[in-house]
Enquirer: 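I have a structure I would like to understand better, so I am pasting it below and will then ask my questions one at a time.
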Amino acid sequence: MSDLELVSEAKCFDGFQRTYRHASSSCGCPMQFAVFLPPAAERGRVPALYWLSGLTCTEENFSVKSGAQRYAAELGIALIIPDTSPRGLGLPGEDERIDVGTGAGFYVNATQAPWSAHYRMYDYISKELVEIVNANLPVDPARKSISGHSMGGHGALLIGTKNADAYRSISAFSPIASASKSEWGMPAFEAYFGNDRDTWAENDASEVIRRMPSRHTLLVDQGGADPFLERLRPDDLKAACAASGQRLEYRERPGYDHGYYFVSTFIGDHLKFHAAALR
């Protein structure tokens, strides 16, 4: 465990909920991530679900609010929950708004200064964090899946589709389906990519799916009473999947909004979906 500093640990459903800190080469700063290790991890390596959280979140939101550990313990799945961005870098504007900078990494590799030196969350999630987890924790490198919520749903669809052979399954809750066209995504894309609209498209989940569908069936849950539907643009995702032939199981949940009451209600369904693929 020489690469990791244990920040906290608590017994949870006969497994362990932990937080780790490490020096990140991708982000050029310390990064934290949370882990739930199910009881089965004491007997051998277990599959892992990587969970990507939404705007303003840290590694704690999903860990504390989702109730996912109960299901992960029963199914024998580790939960890997990274932070959503680098923090405390002192970059100009990093704390001025919720959709650019701190808490808003969007799981992309920025190409524009000053963000490009640190905001490389795509590489961090898809490469560096996986390597650290595989080297230090009792997970099976051959069995991992990816999911997320809102901005993290965008990240899960983007990273999962672009790296389809690396993940057994992909799901999302209320994803920002087309970040390059969303009121939430456009400020970040302008800051991180400048005016290069080709790069915008290469980092837009719906555009990637339209051009390069994956072999997976994507599972997406969306609250019917979500007040942010115009910013999430779910119709863009459905249209992209229809155009490319991407298999999509899209479930609108009447009466549910955008928050963690919604996520906690259906997280068990998603973990069972991933468990079937991870066996």
Side-chain angles (χ1 to χ4, degrees), residues 1 3-22 24 31-54 57-84 107 121 124-126 128-153 155-156 159-160 166-173 219 221 259-279:
M1 305 290 272
D3 293 331
L4 295 180
E5 173 192 352
L6 180 64
V7 176
S8 65
E9 179 181 75
K11 190 84 170 180
C12 182
F13 293 104
D14 290 327
F16 289 95
Q17 182 68 46
R18 296 171 177 163
T19 299
Y20 291 105
R21 181 184 297 120
H22 70 103
S24 168
M31 293 291 288
Q32 290 195 171
F33 65 97
V35 174
F36 173 70
L37 292 176
E42 296 186 9
R43 301 188 296 273
R45 291 184 176 271
V46 295
L49 175 67
Y50 285 74
W51 173 271
L52 308 184
S53 297
C57 290
T58 70
E59 72 281 356
E60 289 189 345
N61 294 70
F62 181 76
S63 303
V64 174
K65 296 179 180 180
S66 71
Q69 294 93 336
R70 178 188 298 273
Y71 304 102
E74 295 173 356
L75 296 166
I77 298 173
L79 304 175
I80 313 298
I81 310 153
D83 201 350
T84 55
Y107 307 103
M121 291 297 291
Y124 177 69
I125 299 298
S126 64
E128 183 181 6
L129 181 60
V130 173
E131 291 172 359
I132 288 172
V133 167
N134 290 346
N136 292 282
L137 298 174
V139 302
D140 182 349
R143 293 189 294 160
K144 66 178 183 292
S145 294
I146 193 165
S147 185
H149 172 232
S150 195
M151 178 186 72
I159 293 173
Y167 298 96
R168 293 283 187 92
S169 48
I170 306 167
S171 76
F173 287 82
L219 174 62
D221 272 315
Y260 265 91
Y261 293 122
F262 164 56
V263 173
S264 64
T265 299
F266 300 108
I267 191 63
D269 289 349
H270 280 243
L271 283 171
K272 291 171 185 175
F273 167 79
H274 292 297
L278 290 165
R279 289 195 185 102

Enquirer: Is there side-chain contact between V35 and I81, with heavy atoms separated by less than 4.5 Å?
Expert: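 No, side chains not in contact.
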Enquirer: Flag the pair I77 / L278 as yes when at least one side-chain heavy-atom distance between them is below 4.5 Å, and no otherwise.
Expert: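 Of all side-chain heavy-atom pairs linking L278 with I77, at least one is under 4.5 Å.
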Enquirer: Could you measure the distance from the OH atom of Y124 to the OH atom of Y107? Nearest 0.5 Å is fine.
Expert: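 Nearest 0.5 Å value for the OH-OH distance: 10.5 Å.
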Enquirer: Is there a side-chain contact between R18 and L6, using heavy atoms and a 4.5 Å cut-off?
Expert: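 R18 reaches L6 side chain to side chain.
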Enquirer: Is it true that the side chains of S53 and E59 contain a donor and an acceptor less than 3.5 Å apart?
Expert: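 On atom types as modelled, these side chains do not qualify, holding no pair under 3.5 Å.
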Enquirer: Is the closest side-chain donor-acceptor distance between Q17 and Q69 under 3.5 Å?
Expert: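 Note: Q17 and Q69 side chains meet the donor-acceptor criterion.
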Enquirer: Decide yes or no for I146 and W51: does some side-chain heavy atom of the first lie under 4.5 Å from some side-chain heavy atom of the second?
Expert: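 Answer no - side chains too far apart.
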Enquirer: Does K272 count as lying over the ring of Y71, i.e. NZ or CZ under 6.0 Å from the six-ring centre, within 45 degrees of the axis?
Expert: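 No; the conditions do not both hold, so K272 does not lie above the ring face of Y71.
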Enquirer: With no hydrogens and no angle check, is any side-chain donor or acceptor of R168 less than 3.5 Å from a backbone partner on A277?
Expert: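 Yes, the answer is positive, given that a donor and an acceptor are paired below the 3.5 Å cut-off.
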Enquirer: How about I170 and S145: do any of their side-chain heavy atoms sit closer than 4.5 Å?
Expert: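 SC-SC contact between I170 and S145 ruled out.
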Enquirer: I want to check something: taking the side chain as every heavy atom from C-beta on, are F36 and L49 in contact at a cut-off of under 4.5 Å?
Expert: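 No - every pair of side-chain heavy atoms lies 4.5 Å or more apart.
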Enquirer: Counting C-beta onward and ignoring hydrogens, is there a side-chain heavy-atom pair between S171 and F273 closer than 4.5 Å?
Expert: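 They are in side-chain contact.
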Enquirer: Determine yes or no for a side-chain-to-main-chain donor-acceptor pair under 3.5 angstrom, with S66 supplying the side chain and S63 the backbone.
Expert: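 No, because the side chain of S66 does not come within donor-acceptor range (under 3.5 Å) of the backbone of S63.
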Enquirer: Run the ring-centre check on F262 versus F173 and record whether the distance is less than 6.0 Å.
Expert: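 Yes, ring centres under 6.0 Å apart.
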Enquirer: Return the CG to CZ distance between D3 and R21, rounded to the nearest 0.5 Å.
Expert: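 D3 CG to R21 CZ: 15.0 Å, rounded to 0.5 Å.
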Enquirer: Rounded to the nearest 0.5 Å, how far apart are CG of L52 and CE of M151?
Expert: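 CE of M151 is found 8.5 Å from CG of L52.
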Enquirer: With side chains defined as the heavy atoms from C-beta onward, is the minimum distance between Y20 and I132 less than 4.5 Å?
Expert: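 A side-chain contact is absent here, since even the closest heavy-atom pair is not under 4.5 Å.
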Enquirer: Suppose we screen for side-chain hydrogen bond (donor to acceptor under 3.5 Å, both in side chains). Which residues come up paired with D83, at least two apart in sequence or across chains?
Expert: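 Counting only residues at least two positions away or on another chain, D83 forms a side-chain hydrogen bond (donor to acceptor under 3.5 Å, both in side chains) with R87.
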Enquirer: Looking at E128, I want to see if its CD is surrounded by more than 12 non-hydrogen atoms of other residues, nucleotides or ligands under 6.0 Å.
Expert: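 Enclosed.
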Enquirer: Is it true that F62 and H270 have ring centroids separated by less than 6.0 Å?
Expert: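 No: the rings miss the under 6.0 Å criterion.
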